[in-house]
Amino acid sequence: MKVVIMVAAHKKFPMPDKKGYLPVLVGAAKNYKPGIEYQRDDEGENISAKNPNYNELTAVYWAWKNLKDVDAIGLVHYRRLFFDSKPYNLNNVISIENVEKLLTKYDVILPKKRNYYIETNYSHYVHAHHQEPLDKTREIIQASYPQYLVKYDEVMKRSKAHMFNMFIMKRDAFESYCNFMFGVLGKLEKQVDLTGYSVQEQRVYGYISELLMDVWLETNAFKYTELKWGQLGGKNNVKKAISLVERKMGIKTKTHF
């Protein structure tokens, strides 16, 4: 089994030195600089120029359209990865051998769910971001992907979700995921006017996609498992708590995404 786990980065950063990991420079159409020897997301068929709005999904799109000779595709981030063990450092990122063992039993590997405790996935989103794109997403699913609507409504009412756009998927699952996710976002892009959105909020399609993962996963019959994940130089827990309280008070802050 040939497995490729992309490590999305927008700049040069220490990378896992293990078989199967592929550093990908996202937004390369605009931010490439000589000396960054990563796979660029602006080669072949791509949406690299949309990185300010799609975040790391430009790497996913590049893989979908250009990595045709692999059996499983994954995405992690330059600071947020799956690990085999602690401490969470680059020496302990999950090995391809262990990924292959898991993929003999499962179609999809995801990070453990994030729990918002006092908020639903919907309320958490609208407290941190503009509400209109999320509401329009439901309208698009109802009109064009009605088989996903029941799970969409269920996911929005929960307080837990698989976040961060991190995954490892067998090829058939990956194709299904990309067809649904990019199909929805492509329609949403035509209906949302980003005029007046801050630079942070213009990343809207990347944010929306996080909530589409469970909608897709639970509507289809793919088997999945969860892995622990860690963040290199992670955000202080006190800051996270303050951010959550501020959102509940209606104060717009930078999000955790």
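One-based numbering along the sequence shown. Since we're looking at a predicted model, the values are computed, not measured.
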Engineer: Look up atom OG1 in Thr137 and atom CD in Gln191, then write down how far apart they are to the nearest 0.5 Å.
Structural biologist: 9.0 Å
Engineer: Run the side-chain donor-acceptor check on residues 101-110: report pairs under 3.5 Å with partners two or more places apart or on a different chain.
Structural biologist:
residue: Thr104; atom: OG1; partner: Lys101; partner atom: O; Å: 2.5
residue: Asp107; atom: OD2; partner: Lys223; partner atom: N; Å: 2.8

Engineer: If you look at every heavy atom in Ala49 and Ala29, which pair is closest and at what distance?
Structural biologist: N-CB, 4.0 Å
Engineer: With rounding to the nearest 0.5 Å, note down the distance linking CD in Glu132 to CD in Glu139.
Structural biologist: 9.0 Å
Engineer: Just jot down the side-chain hydrogen bond (donor to acceptor under 3.5 Å, both in side chains) partners of His77, sequence neighbours excluded, or say none.
Structural biologist: none
Engineer: State which residues pass side-chain contact (heavy atoms from CB on, under 4.5 Å) with Thr120; sequence neighbours excluded, sorted by chain then number.
Structural biologist: Tyr122, Ser123
Engineer: Taking the side chain as C-beta and beyond, is there a heavy-atom pair between Leu227 and Pro111 under 4.5 Å?
Structural biologist: no
Engineer: Mind listing the side-chain donor-acceptor pairs of residues 140-152 below 3.5 Å, one per line with the distance, residues two or more places apart or on another chain?
Structural biologist:
residue: Tyr148; atom: OH; partner: Asn220; partner atom: ND2; Å: 3.2
residue: Lys151; atom: NZ; partner: Glu154; partner atom: OE1; Å: 3.2
residue: Tyr152; atom: OH; partner: Leu134; partner atom: O; Å: 3.1

Engineer: Side chains of Ser48 and Asn46: any donor to acceptor distance under 3.5 Å?
Structural biologist: no
Engineer: Which atom names give the shortest non-hydrogen contact between Lys30 and Pro52, and what distance separates them?
Structural biologist: NZ-CG, 4.4 Å
Engineer: Lys157: what forms a side-chain contact (heavy atoms from CB on, under 4.5 Å) with it, not counting sequence neighbours?
Structural biologist: none
Engineer: Where does the angle between the aromatic ring planes of Tyr88 and Phe83 fall among parallel (under 30°), tilted (30 to 60°) and perpendicular (over 60°)?
Structural biologist: parallel
Engineer: Between CD1 of Ile208 and CE of Met181, what distance do you get to the nearest 0.5 Å?
Structural biologist: 12.5 Å
Engineer: Quick one: side-chain hydrogen bond (donor to acceptor under 3.5 Å, both in side chains) partners of Thr58, sequence neighbours excluded?
Structural biologist: Asp41, Asn51
Engineer: Mind checking side-chain hydrogen bond (donor to acceptor under 3.5 Å, both in side chains) for Thr225 and listing every partner two or more places apart, or none if nothing turns up?
Structural biologist: none
Engineer: Measuring from Met166:CE to Met213:CE, what's the distance to the nearest 0.5 Å?
Structural biologist: 10.5 Å
Engineer: Without swapping roles, check the side chain of Arg79 against the backbone of Gln231 for a donor-acceptor pair under 3.5 Å.
Structural biologist: no
Engineer: Sequence neighbours excluded and cut-off under 3.5 Å, please list the side-chain donor-acceptor pairs for residues 3-22, or say none.
Structural biologist:
residue: Lys12; atom: NZ; partner: Gly35; partner atom: O; Å: 3.3
residue: Lys18; atom: NZ; partner: Asn91; partner atom: O; Å: 3.3
residue: Lys18; atom: NZ; partner: Val93; partner atom: O; Å: 2.7
residue: Lys19; atom: NZ; partner: Glu97; partner atom: OE2; Å: 3.1
residue: Tyr21; atom: OH; partner: Ile94; partner atom: O; Å: 2.5

Engineer: Say you draw a straight line from CG of Leu75 to CZ of Arg80; how long is it, rounded to the nearest 0.5 Å?
Structural biologist: 11.0 Å
Engineer: Any heavy-atom pair between the side chains of Tyr207 and His130 that's under 4.5 Å?
Structural biologist: no
Engineer: Does the Arg114 side chain pair with the main chain of His162, one donor and one acceptor, at a distance under 3.5 Å?
Structural biologist: no
Engineer: Looking only at heavy atoms, which two atoms of Leu57 and Phe182 are closest? And how far apart?
Structural biologist: O-CZ, 3.5 Å
Engineer: For Gly206 and Asn165, work out which heavy atoms get closest and say how close.
Structural biologist: O-ND2, 3.3 Å
Engineer: Let me confirm one number: the OH-OG distance from Tyr54 to Ser209, rounded to the nearest 0.5 Å.
Structural biologist: 9.5 Å
Engineer: Take Tyr197 and Val192 through the side-chain contact (heavy atoms from CB on, under 4.5 Å) test and state the conclusion after the steps.
Structural biologist: CA-CA 11 Å; Tyr197 279 38; Val192 174; 4.1 Å; yes
Engineer: Does a donor on one side chain and an acceptor on the other come within less than 3.5 Å for Asp84 and Asn98?
Structural biologist: yes
Engineer: Side chains of residues 172-180: which donor-acceptor partners sit under 3.5 Å, not counting sequence neighbours?
Structural biologist:
residue: Glu175; atom: OE1; partner: Trp64; partner atom: NE1; Å: 3.0
residue: Glu175; atom: OE2; partner: Arg171; partner atom: NE; Å: 3.2
residue: Glu175; atom: OE2; partner: Arg171; partner atom: NH2; Å: 2.8
residue: Ser176; atom: OG; partner: Trp216; partner atom: NE1; Å: 2.9
residue: Asn179; atom: ND2; partner: Glu175; partner atom: O; Å: 2.9

Engineer: Indicate the atoms forming the closest heavy-atom contact of Glu201 with His129, along with that distance.
Structural biologist: OE2-ND1, 3.0 Å
Engineer: Going by side-chain contact (heavy atoms from CB on, under 4.5 Å), name the residues that satisfy it together with Asn121, two or more places apart in sequence or in a different chain.
Structural biologist: Tyr116, Val155, Arg158, Ala161, Leu211
Engineer: My understanding is that only residues two or more places apart in sequence, or in another chain, count here; which of them pass side-chain hydrogen bond (donor to acceptor under 3.5 Å, both in side chains) with Trp62?
Structural biologist: none
Engineer: Measuring only between side-chain heavy atoms, which start at C-beta, is Leu232 closer than 4.5 Å to Leu90?
Structural biologist: yes
Engineer: Report yes if the side chains of Phe167 and Val76 come closer than 4.5 Å at any heavy-atom pair, otherwise no.
Structural biologist: no
Engineer: Taking the side chain from Glu210 and the backbone from Met163, do they hold a donor-acceptor pair closer than 3.5 Å?
Structural biologist: no
Engineer: How far apart are the closest heavy atoms of Pro133 and Leu188, and which atoms are they?
Structural biologist: O-CD1, 3.5 Å
Engineer: Which pairs pass salt bridge (charged side-chain N to carboxylate O under 4.0 Å, His left out) with one or both residues in residues 42-59, sequence neighbours excluded?
Structural biologist: Arg40-Asp42, Lys50-Glu189
